[in-house]
Each structure stands twice: as C-alpha cells, then as structure tokens.
Amino acid sequence: MKLPLTIRLLLVLCLTQWVHAATVKVTAVLTWANKTVAGATRPVILTNGQYPGPPLSLNQGDNVQFKVENRCPFNVTVHFHGIEQVGTPWSDGVPGVSQVPIQQGRSFLYRWTADQYGSYFYHAHHRGQLEDGLYGPIYIAPSSSKAKPFSLITSNATQLQAMRAAEENTSPMMLSDWRVLTSEQIWAAEEASGVDSYCANALLINGKGSVTCFSRDEIDSLTTPNQRAALGNETLTDIACFPANITAAQGSFTHNYSALLPTMFSGCTPSRGPQAVLTVNSSAHYVSWDLISAAGLLHLTISVDEHDMWVYAIDGRYVQPVRVNAINIPNANRYSVLVPLNKPAGDYTIRMVSGSPQQILNTTAILRYIAAPQLGRTSNPWITLTGGNATASTIFLNDTSAIPFPIVTPAATADATYFLTIGHYDASYRWTLANSSFGLGLEESQPLLFNQSSVPSDLVIRTMNNTWVDLVLQVNSPVQPAHPIHKHSNKHFLIGQGNGTFTWSSVAEAIRDIPGSFNLVNPPYKDTTPTPAAVTGATWSVIRYHVVNPGAFLMHCHIQVHQSGGMALALLDGVDAWPSIPANYQGNASGF
Ligand SMILES: *[C@@H]1O[C@H](CO)[C@@H](O)[C@H](O)[C@H]1NC(C)=O
Ligand SMILES: *[C@@H]1O[C@H](CO)[C@@H](O)[C@H](O)[C@H]1NC(C)=O
Ligand SMILES: *[C@@H]1O[C@H](CO)[C@@H](O)[C@H](O)[C@H]1NC(C)=O
Ligand SMILES: *[C@@H]1O[C@H](CO)[C@@H](O)[C@H](O)[C@H]1NC(C)=O
Ligand SMILES: *[C@@H]1O[C@H](CO)[C@@H](O)[C@H](O)[C@H]1NC(C)=O
Ligand SMILES: *[C@@H]1O[C@H](CO)[C@@H](O)[C@H](O)[C@H]1NC(C)=O
Ligand SMILES: *[C@@H]1O[C@H](CO)[C@@H](O)[C@H](O)[C@H]1NC(C)=O
Ligand SMILES: *[C@@H]1O[C@H](CO)[C@@H](O)[C@H](O)[C@H]1NC(C)=O
Ligand SMILES: *[C@@H]1O[C@H](CO)[C@@H](O)[C@H](O)[C@H]1NC(C)=O
Ligand SMILES: *[C@@H]1O[C@H](CO)[C@@H](O)[C@H](O)[C@H]1NC(C)=O
Ligand SMILES: *[C@@H]1O[C@H](CO)[C@@H](O)[C@H](O)[C@H]1NC(C)=O
Ligand SMILES: *[C@@H]1O[C@H](CO)[C@@H](O)[C@H](O)[C@H]1NC(C)=O
Ligand SMILES: [Cu+2]
C-alpha cells in the first residue's frame with residue numbers, strides 16, 4: 001500500500017549506470033476531526049483522513065518528497081523516526097531545532113533519502129501531538145545486495161525461500177496506547193496540577209482496541225508485589241493505575257489534585273471498538289510483521305498465543321535472529337519478526353499488555369489462519385495481564401543481548417564524554433536530561449540549525465565531525481521508569497549499563513574497573529535505547545555514537561509527557577563542518 005497521491009518517478013542516477021533511484025512524492029493532508037477510537041469519541045489528527053496514518057512504502061535509495069499540508073487549527077511538524085537525514089538536517093521535523101513550525105493553512109516539503117532499509121515511522125514532533133494520533137508506518141525494502149540473516153535460523157532451502165518471501169510481503173503492526181483526553185487537555189492539567197500524567201485509557205493494535213474496566217476485586221488480585229510496595233497503603237485506581245498521589249512515582253513536589261481531569265488517573269468507562277484481525281495463509285509458512293511502538297506513555301509487551309517469533313531486525317536493521325515468545329517494546333522501537341505458521345489452522349489471540357509498572361492495561365487482536373477460521377477459539381497465552389510469564393517456558397526477548405547482523409563495532413575509545421543526569425526538574429511534570437529543562441517554549445525559538453545560540457547553552461552539546469562521543473546517562477532516585485532515549489540522525493551503540501551511580505571520571509576508567517558491564521564487541525545499535533528503570537536505586541547507561549552528519553539534532557525521552565516536560569537536549573553535531581542551508585529551507589521557508 002502507498003500513501004494516496006503517491007507518484008513514483010524512476011530516475012536513472014549518473015553515479016553508476018546500474019544504480020536506479022526513484023523519487024517518491026507523497027502528500028500528507030493533516031486535519032483535526034472527531035473520531036471514535038476504542039469506542040470513545042474525541043478529536044484526533046487524521047493523515048489523509050486516516051488514523052493511524054497510512055503506510056509509506058519505499059525502496060532503499062529512494063529520494064522522498066513528503067509534503068505536509070497543515071489543515072489543523074494549530075502548528076504542526078512531522079518527524080521521520082530513525083531516518084538518518086544525512087545531508088538533509090532541515091528535513092528532520094523538530095521545531096526550534098531544524099525548522100519553524102508549520103502554521104495552520106501552510107504546507108512544508110520534507111526531502112530526504114532512504115539511505116537505510118527496514119522499519120521506521122513518521123510522527124508528530126510538535127508539543128504533545130504524537131498522542132493525538134499523528135503517526136504512520138514507513139517501510140524501506142532493502143537493496144538486493146544486503147545480506148539477510150535467515151540462514152542463521154535454518155539451512156533448509158524451502159524454509160529460507162519462505163522467509164525471504166515473508167519479508168518481501170512484510171506488513172506493519174502499529175502498536176500504541178491511547179487517552180480519551182487530547183494532548184493539550186493533558187498538558188494544561190499537568191501545568192495546573194503539577195502532576196505527571198502517567199496513565200492511559202486503552203492499548204491499540206493498528207488503531208483498534210477497547211477500553212476494558214476491571215472490577216475492584218480483579219484489580220486487587222492482579223496488583224503485583226512490586227506495585228504493592230510502591231503503593232504503600234493505597235490501591236490501584238479503577239483504571240488499574242497508580243493514583244496521582246504516589247510519592248514514589250511523582251517525587252516530593254507540591255500538587256493541586258483538584259485540577260486533574262476525570263480519566264487521567266481514574267474514572268473508567270468501558271467502551272468497545274473493533275478488534276484487529278491479522279489473516280495469514282499457512283502455505284506461506286511464515287508471516288513477517290514490523291512491530292512499531294507509537295506509544296506516548298507505556299512500554300508494550302506483546303505475544304502471539306502458542307506461536308514463536310523470530311526477531312530478525314531491530315530499529316530497521318538486521319540482528320542475528322532470536323526465537324522468543326514475548327517482546328517488551330519501549331516507546332518508538334521497532335522489532336521485525338517472522339512468525340512460523342506451523343500450528344493447527346484456527347484463531348490465536350495476540351496479547352498486548354502494559355510493560356510499565358504504574359498501570360495494568362491490555363488489548364487483544366486475532367491471528368487468523370485463512371483456511372479454517374475458528375471464531376472465538378481459546379488459545380493458550382504465553383504472558384499474563386501484568387506482562388509476566390504465563391508458562392514455565394515463555395521466552396522473553398533480551399534486548400541487550402540481540403547482536404546486530406552484520407556486527408558493527410563502535411570505536412574503542414571516545415573523543416568526548418558528556419555526563420547527563422535524568423530526573424524531575426522542580427516539579428513532578430517537569431524533567432531534565434541534563435542541566436536545565438528543554439521546555440515546550442523552546443519549540444518556538446529560532447531553529448538551532450539556523451542560529452546555534454537560540455537555545456540556552458546548557459541545553460546544547462557541540463561536537464566535531466568524525467569524532468566519537470560518549471553520553472553517560474545517570475538516572476537518580478526517586479523511582480523512575482525506563483526512559484526510552486531517542487537520538488535523532490544516525491544510530492548509537494549501547495556500550496554499557498549498570499545499577500548505582502556512575503562514579504568514574506571517564507568511560508575508559510569504568511571499563512577498566514568493571515569490564516563485565518560493557519560490550520564493545522557486538523553491542524546493540526539502535527535509534528532509541530531505554531535507560532534501566534530506577535526502582536530501588538540509581539541506574540546508569542553509556543551510549544557511544546559517531547558524528548557523521550553535521551546539523552542540529554534533538555535527543556529526548558520518547559515518553560511524550562517527559563519530552564514535553566523538558567527531557568531533551570540538542571546535539572549540534574559537526575560544528576566544524578556545519579552545513580549551509582539551501583535557500584528553500586532558510587528562515588521560515590517551506591522547502592519548495
Ligand atoms: C467534536 O464534537 C464536539 C461535540 O459535538 C464538538 O463540540 C467539537 O467541536 C468537535 N471537534 C472537532 C474537532 O470537530
Ligand atoms: C506557530 O508557528 C509560528 C511560526 O511558524 C509562530 O510564530 C507562532 O507563534 C506559532 N503559534 C503558536 C500558537 O504556537
Ligand atoms: C525443508 O522444509 C520443508 C517445508 O517445511 C519440508 O517439507 C522439508 O522436508 C524440509 N527439508 C529437509 C531436507 O528437511
Ligand atoms: C499506612 O497506614 C497505617 C495505618 O493507618 C499508618 O500507620 C502508616 O503510616 C501508613 N503508611 C504509609 C506509607 O502511609
Ligand atoms: C491518594 O489518592 C487516593 C485515590 O485518589 C485516595 O483514596 C487517597 O486518600 C489519597 N491519599 C492521600 C494520602 O491523600
Ligand atoms: C487548584 O485547582 C483548582 C481547579 O483548577 C483551582 O480552582 C484552584 O484555584 C487551584 N488551587 C490552587 C491553590 O492553585
Ligand atoms: C494460500 O496460499 C496458497 C499457495 O500460495 C494458495 O494456493 C491458496 O489459494 C491460498 N489460500 C487462500 C485461502 O488464499
Ligand atoms: C483484557 O483482558 C481481559 C481479561 O483477559 C479481557 O476480558 C479483555 O477483553 C481484554 N481487553 C481487550 C481490550 O482485549
Ligand atoms: C514463570 O517463570 C518462573 C521462573 O522460570 C517459574 O518459576 C514460574 O513457574 C513461571 N510461571 C508460570 C505460571 O509458569
Ligand atoms: C540480557 O543480556 C545481557 C547481555 O548479554 C546480560 O548481561 C543480561 O544478564 C541478560 N538479562 C537477562 C534478564 O537475562
Ligand atoms: C539492576 O538491579 C535490578 C533489580 O535490582 C536487576 O534486575 C538488574 O539485573 C540489575 N541490572 C544490572 C545491569 O546489573
Ligand atoms: C563528516 O564526517 C563523516 C565521517 O568521517 C564524513 O563521511 C562526512 O563527509 C563529513 N561531513 C562533512 C560535511 O565534512
Ligand atoms: Cu522519560
């Protein structure tokens with residue numbers, strides 16, 4: 001499927017006589033309209049009339065021209081998550097960093113090259129608009145020269161052929177959480193109450209789901225020992241979430257609870273929406289899905305009853321395939337999986353539950369074998385409603401042990417190191433990634449790409465091109481969830497993590513003292529990496545990246561309310577090789 005209005009022009013590039021690259025032109029018309037999602041009606045951002053937005057399907061090497069027409073009654077921008085934007089930093093979609101927001105009634109033309117292959121997504125990057133439904137899948141088919149990792153699964157030629165065919169027919173599965181309030185209602189209530197809004201109302205698969213309300217008895221019996229410990233004398237609310245007044249979750253700040261709105265922390269009204277049905281043909285032997293988390297809030301744990309999944313790509317890049325039954329997906333990460341269709345024909349439940357500690361929430365979809373659907377068939381779960389194992393043999397993906405294919409290695413040492421401390425910033429709903437807080441107001445400042453001093457200097461890191469940079473992420477108490485930290489532009493390596501405080505003055509020193517906590521041989525290579533949750537104490541992680549793409553790029557938490565609360569920094573990469581801005585992107589030009 002292509003975005004409507006796609007025009008593909010085949011152009012022969014002059015580079016070599018056998019390389020072809022298409023120019024793919026897409027128009028995304030954004031509107032603000034009421035829509036019923038999970039059985040409840042609220043205004044959402046529609047992309048060409050759709051929620052979730054329609055998929056964008058590309059071939060590696062394509063030149064993309066993505067035109068956004070903003071017919072919403074507010075400013076917007078669109079970001080292409082995981083797309084490196086090498087040589088096109090003005091098309092990264094971050095207000096105050098790479099562009100001026102697109103005003104109501106105006107258009108903007110994003111141009112970029114699909115250098116990488118695999119699973120990505122586009123999403124809103126202005127204020128909290130991600131949570132208003134502006135997101136859709138991107139898939140870039142690998143060039144024929146890319147080696148595939150499937151022969152690490154089997155040497156059976158028939159099976160290998162089936163895997164390649166499944167990959168060619170891969171389809172996106174858009175996973176998300178959903179709130180019945182709009183992002184601006186949530187933000188206004190956070191500002192008025194001082195409270196961090198950490199509960200959702202539903203989970204969705206391909207935009208489909210329902211609001212389930214559990215009984216008090218069900219909630220109390222589902223509450224886990226870890227949740228009880230954090231709750232003290234309180235209980236989970238009727239939306240099975242921590243109340244607003246849990247100090248462990250909110251920190252010790254002042255709050256005005258009467259400024260909270262119903263449904264933010266409690267107030268469950270059940271409503272039914274459609275259920276996603278994924279139809280498969282067992283003669284294909286495998287189905288390939290690109291699991292994409294567009295969640296604004298919760299980590300999502302997903303499994304398919306009675307089936308295995310071979311995880312073969314993470315964040316759009318191949319990994320040595322790993323056979324698992326369940327995957328805990330941090331916000332904005334993508335996992336491409338091959339599901340062997342080797343079970344008796346019928347219906348199997350796909351289960352997705354909250355993987356975050358503050359809330360019990362779930363949804364289901366159906367995997368249906370086309371030949372013999374058995375409607376309402378009960379299948380056996382791998383996971384529980386609280387994201388634990390429902391059988392003794394359930395295998396969860398261990399993200400940090402997935403090995404890139406082929407292996408890519410970071411430099412052995414870094415040229416520069418930055419120590420960043422993550423935490424609340426003077427209020428439960430305000431956050432910092434280092435120093436002060438990258439507040440929403442900065443989205444309206446002159447883009448850093450055009451003016452390197454438009455943002456306070458403590459919120460900016462300046463790097464030299466072709467150097468290696470270490471970022472030491474320290475998460476301190478009080479209790480903090482895993483923060484999915486996304487670095488724009490090229491991917492980064494997660495080279496180490498641990499519990500406690502990072503007390504070393506350099507990463508090299510830490511590697512000398514605790515080599516077991518580091519991996520410089522085959523570390524994860526991703527665009528979004530969760531910090532370890534700080535439950536009983538502080539945690540740290542170190543990411544290392546190569547500066548190759550001069551420009552201004554944001555790094556931020558992908559929990560939307562944390563980003564809106566200021567958990568972000570700007571990386572001014574390659575200030576010694578800063579790009580000159582094409583005339584059609586200067587100032588508030590629109591890219592045309
Ligand atoms: C949604 O519906 C409500 C109630 O009918 C109406 O007041 C509101 O203006 C509508 N919003 C949009 C964006 O159409
Ligand atoms: C919308 O963006 C324009 C710049 O394009 C800016 O001048 C204006 O203040 C913004 N409006 C709001 C409400 O943020
Ligand atoms: C290869 O896989 C096919 C399909 O599952 C199976 O029918 C065949 O027996 C296998 N071949 C070998 C040599 O194991
Ligand atoms: C829980 O309630 C008991 C009895 O009312 C009280 O003594 C105790 O301090 C409370 N604990 C907390 C953590 O509020
Ligand atoms: C915290 O909130 C819960 C649920 O809203 C309420 O029942 C409880 O009394 C509150 N506790 C305190 C200490 O205010
Ligand atoms: C608390 O919020 C309520 C509702 O918005 C408001 O009426 C009240 O003035 C606020 N109280 C304080 C102390 O700000
Ligand atoms: C399933 O795939 C096989 C082989 O491609 C095909 O012959 C068959 O018609 C398909 N079944 C359905 C119901 O589409
Ligand atoms: C959540 O789980 C409960 C219990 O298994 C189930 O009844 C309910 O339908 C599920 N909710 C959704 C939206 O699938
Ligand atoms: C979950 O895994 C643990 C550890 O392997 C095991 O002890 C437990 O029995 C499993 N739970 C179920 C319901 O099988
Ligand atoms: C996950 O893998 C890492 C790296 O191999 C290992 O250190 C860690 O113990 C594993 N975690 C679990 C829960 O198995
Ligand atoms: C940190 O501590 C947690 C729980 O206390 C444990 O599960 C985890 O494996 C530890 N992580 C590392 C990297 O040591
Ligand atoms: C920046 O460094 C990378 C890596 O060495 C190099 O490929 C690229 O050409 C450099 N960019 C500029 C603008 O010099
Ligand atoms: Cu966060």
Side-chain angles (χ1 to χ4, degrees), residues 75-82 85 89 92-101 123-131 183 186-187 190-191 196-198 295-297 330-333 418-449 451-463 469 471-476 480-490 492 526-531 541 543 545 551-573:
N75 290 345
V76 300
T77 67
V78 174
H79 168 63
F80 306 91
H81 188 108
Q85 300 291 359
D92 198 41
V94 182
V97 177
S98 62
Q99 72 169 100
V100 171
H123 67 74
H125 217 297
H126 188 243
R127 299 180 65 84
Q129 290 161 5
L130 171 85
E131 293 200 285
S183 68
I186 296 278
W187 184 249
E190 285 205 352
E191 287 191 307
D196 185 37
S197 182
Y198 46 58
L297 199 58
N331 308 33
N333 280 131
Y418 295 90
F419 296 88
L420 313 177
T421 300
I422 294 176
H424 291 285
Y425 185 78
D426 294 343
S428 301
Y429 77 106
R430 292 302 306 275
W431 295 87
T432 176
L433 181 46
N435 307 314
S436 60
S437 183
F438 205 104
L440 279 179
L442 293 176
E443 294 191 340
E444 308 305 324
S445 57
Q446 213 185 351
L448 281 163
L449 186 61
N451 175 356
Q452 292 183 15
S453 49
S454 67
V455 159
S457 60
D458 68 326
L459 293 171
V460 166
I461 285 174
R462 298 164 64 85
T463 69
V469 175
L471 303 170
V472 179
L473 303 168
Q474 180 72 57
V475 181
N476 287 337
Q480 285 184 53
H483 298 287
I485 301 295
H486 171 44
K487 190 188 84 59
H488 287 220
S489 193
N490 61 335
H492 55 264
K526 300 171 51 176
D527 56 51
T528 308
T529 296
T531 58
S541 34
I543 65 179
Y545 80 99
F553 295 102
L554 202 66
M555 182 172 70
H556 62 91
C557 180
H558 228 282
I559 294 175
Q560 183 55 53
V561 285
H562 291 187
Q563 187 199 332
S564 295
M567 196 186 290
L569 274 183
L571 306 173
L572 301 190
D573 274 340

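If you're wondering where the values come from, they're calculated on a predicted model, not measured in any experiment.
By the 4.5 Å heavy-atom criterion applied to side chains, Ser197 and Leu297 are not counted as neighbours. Considering only heavy atoms from C-beta on, Met555 comes within 4.5 Å of Leu471 through its side chain. You'll find the side chain of Gln129 stays beyond 4.5 Å of the side chain of Thr77, heavy atoms only. Side-chain contact check for Thr463 versus Leu571: every heavy-atom pair is 4.5 Å or farther apart. In this structure the side chain of Val97 never reaches within 4.5 angstrom of the side chain of Pro95, judged on heavy atoms. Pro89 is listed as a side-chain neighbour of Phe553, based on a closest heavy-atom distance under 4.5 Å. You'll find the side chain of Gln480 stays beyond 4.5 Å of the side chain of His562, heavy atoms only.
Evaluated for a ring-ring contact (aromatic ring centres under 6.0 Å, His included) with His556, the options His81, His125, His483 yield exactly one hit, His125.
Distance NE2/His486 to CG/Asn331: 12.0 Å, rounded to 0.5 Å. Put simply, NE2 on His424 and OG on Ser437 are 12.0 Å apart, with the number rounded to the nearest 0.5 Å. Distance check: Leu440 CG to Glu191 CD gives 7.5 Å after rounding to the nearest 0.5 Å. Here the OG1 atom belonging to Thr528 is positioned 10.5 Å from the NZ atom belonging to Lys487, to the nearest 0.5 angstrom. Atoms CD1 and SG, from Ile422 and Cys557 in turn, are 7.5 Å apart once rounded to the nearest 0.5 Å. In this structure, the separation between CD1 on Ile485 and CD1 on Ile543 is 7.5 Å, given to the nearest 0.5 Å.
A donor-acceptor contact shorter than 3.5 Å is absent between the side chain of Ser541 and the backbone of Thr531.
For the pair Leu572 and Ala552, the tightest heavy-atom approach, listed with the atom from each and the gap, is CD2-CB, 3.6 Å. In terms of heavy-atom proximity, Trp431 sits nearest to Val561 at CD1-O, 4.3 Å. Between Pro330 and Pro484, the closest heavy-atom pair is CB-CB, 4.2 Å. Among all heavy-atom pairs drawn from Ser564 and Trp187, the shortest one is O-CH2, 3.4 Å. Closest approach of Gly128 and Ser183 over heavy atoms only: O-CB, 3.2 Å. Of all non-hydrogen atoms in Val455 and Phe438, the two that sit nearest each other are CG1-CE1, 3.9 Å.
A side-chain donor-acceptor contact under 3.5 Å links His488 and Asp92.
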